[in-house]
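Shown next, in structure tokens, is the structure this report addresses.
So that the names make sense, note that chain A is the first sequence line, chain B the second, and so on, each numbered from 1.
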Amino acid sequence: MINLQVAKIFYQIAEYYTMDDVAFKPQAYERAARLIEGLEDDLADIYKDGGTKALMKIPGVGQGLAEKIEEYIKIGKIKEYEKLKKACPVDLEHLTAVQGLGPKSIKMLYQKLKIRTLADLEKAARAGKLTALPRFGPKVQENILRGIQYVKGGQGRMLLGYALPLARKFEERLNNLPDVERAVAAGSIRRMKETIGDIDILAIAKRPAKVMDYFCSMTEVDRVLSKGQTRSSVRLHSGLDADLRVLSQESFGAGLQYFTGNKDHNVALRAIAQGKKYKLNEYGLWRGKQMAAGRTEEEVYKKLGVQFMPPEMRENTGELDLAAKNKLPKIVNYDEVLGDLQMHSEWSDGANTILEMAEAAKKLGHQYIAITDHAGRLYIAGGLKEKELLKQMAEIEKADKKVSGIRILKGAEVDIDKEGKLHIEDKVLAKLDIVLGAIHDNFKMSKEAMTKRICRAMQNQHMDIWVHPTGRLIGRREGYEVDWDEVFAQAVKTNTAIEINAYPERLDLSWQNVKRAIAAGVKISIGTDAHATNHLSYLELGTAVARRGWAEKKDVLNCLSFEELLKFLKR
DNA sequence: GCCGTTTTCGGCCCGACTGTTTTCAGTCG
């Protein structure tokens, strides 16, 4: 997969053009880089199938950038980039990561002090050499030194599963202040993106200064980065940044829209506004000096002739076109998901008993769960062999009778071997209510072999769901590659569902692939993969992925009633 | 360099905050 490498080069070209005050190219390169980053298909594959014409179908990629991608595929580099880099040979990737250091400063640092790397920069700053430069005072120098430490610490984005509870805590505290009328986390948290760069909170407040004081002195705050009347920014001990912005009641909807993003969605929405002779900013929708809307998000979208949509859909992947035609899908609601179809107990590598899992799920309002301990091989997480599995089935039946108000399905997460065979005998699988197929080894097969392996597994009539489909671990391990068109077609043909694994570092299928799976007619299942009772709440994260992939209620297995679900499983 | 309900040419988002200035450039989102 070359996408991330190409995106990185495009980001850097954007920085170089900014250094030289080239107009408009930086935004074009940056936008293309962002979109390529989020692409599920390999650029090399797209090119192989349809040449530069196919590349130009990617939004933000025109003739010029398509040719640059072609160049990268053919000769492994982009000459334009090499030329820019030669003129200013600096470690842009790490230098730009330093807070407060942008392309203009980096260029000057190179020209005046020959600074190329973080190490060069640190040495110069420690020697006090930066203060001699125009616009560089002692404070800038100090901030740069701190920024370097931060970059060296390798703090990146935080998983949604960890950032969300934190953001909710901040929301709740602020909402409890007498001066705060309303506080809401916006940004990528509100869109439920799988990783979070920072926490963005918006508030309506009577005395902003007091609220800012409170925000900047919370126990989680490591350092105040900036503090003003309408906006403050802090760095938390966890390494994450958090922003608080205070807006007026009249502007709150426009602000919420603006700070929820994403950026490309907003750019597209502002273009729609311009087309209708409006101006849209974070304070409202304006015609001249007259405010046309701003109090609520709904009002802003409506005035622009665009259907309102949940934040999870706002990624500029076609939602605005559909909304303008009043044709948005009605995506699944969080409360329409009735149960959890993957979890582990102490029978394999889970921490709790079957009964404890059931009681905890019941408390969350679930109508049913599936106990799906590892089965197949001993060496994976205490996997059960046939005999133990039969014993566990009896145990689950007992538990199901014992608890009221929730049903428990007998399931197992079964290894799929190299050839695509399930590791448990068919006659035992036949006794289970629900069979999950999973890949736990041989990740490094070729795309063709992996596709064949999975398609073969789906042919097993007992396998109901293919779980954590790509095996990715966000930020740690890239998922393996498969031919999605082929796999989706096989899933439809064999009536096999594909899982959205809701575990914070998995969220696998990705929302991009959920979108494609659904378009192909594949049924989606959501499973938390809980290994303890406190993991059961991850169901919300999995549902968020379904929503970001535009899944409707009818697409999601867990939206079926218990009786309907049994019918599907016995198909 | 991209893009098209105003366009195949001529547009392209803009306000807050900081640190350095003594009126503003650079950065960020």
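Side-chain N/O atoms of A:K227 include none lying less than 4.0 angstrom from OP1 or OP2 on B:dA16. Dashed line: the shortest gap from a side-chain N or O of A:N143 to OP1 or OP2 of B:dT18 is not under 4.0 Å. Here A:K279 reaches the OP1 or OP2 of B:dG15: one of its side-chain N or O atoms lies under 4.0 Å away. For A:Y283 and B:dA16, the shortest distance from a side-chain N or O to OP1 or OP2 is below 4.0 Å. Distances shorter than 4.0 Å separate none of the side-chain N or O atoms of A:S233 from OP1 or OP2 on B:dC17. Residue A:T230 places no side-chain N or O under 4.0 Å from the OP1 or OP2 atom of B:dG15.
Mapping A:R245 and A:R231 onto DNA chain B by nearest heavy atom places A:R231 at the nucleotide closer to the 5' end.
Neither side chain, A:E540 nor A:Y334, offers a donor N or O lying under 3.5 Å from an acceptor on the other. Side chain to side chain, A:T96 and A:E15 fail the donor-acceptor criterion of an N or O pair below 3.5 Å.
Side-chain N or O atoms of A:R295 include none that pairs as donor or acceptor with a backbone N or O of A:S251 at under 3.5 Å.
Figure legend. B:dG4 is base-paired to B:dC9; pairs are counted as Watson-Crick or G-U wobble with both atom distances under 3.5 Å.
Between A:Y503 and A:H535, the ring planes are perpendicular. Angles over 60° get that label, and only those under 30° would be called parallel.
The ring of A:F24 does not lie on top of the base of B:dC2; it is either too far (5.5 Å or more) or too tilted (30° or more).
Note: CG (A:L133) to C1' (B:dG19) measures 14 Å, nearest angstrom.
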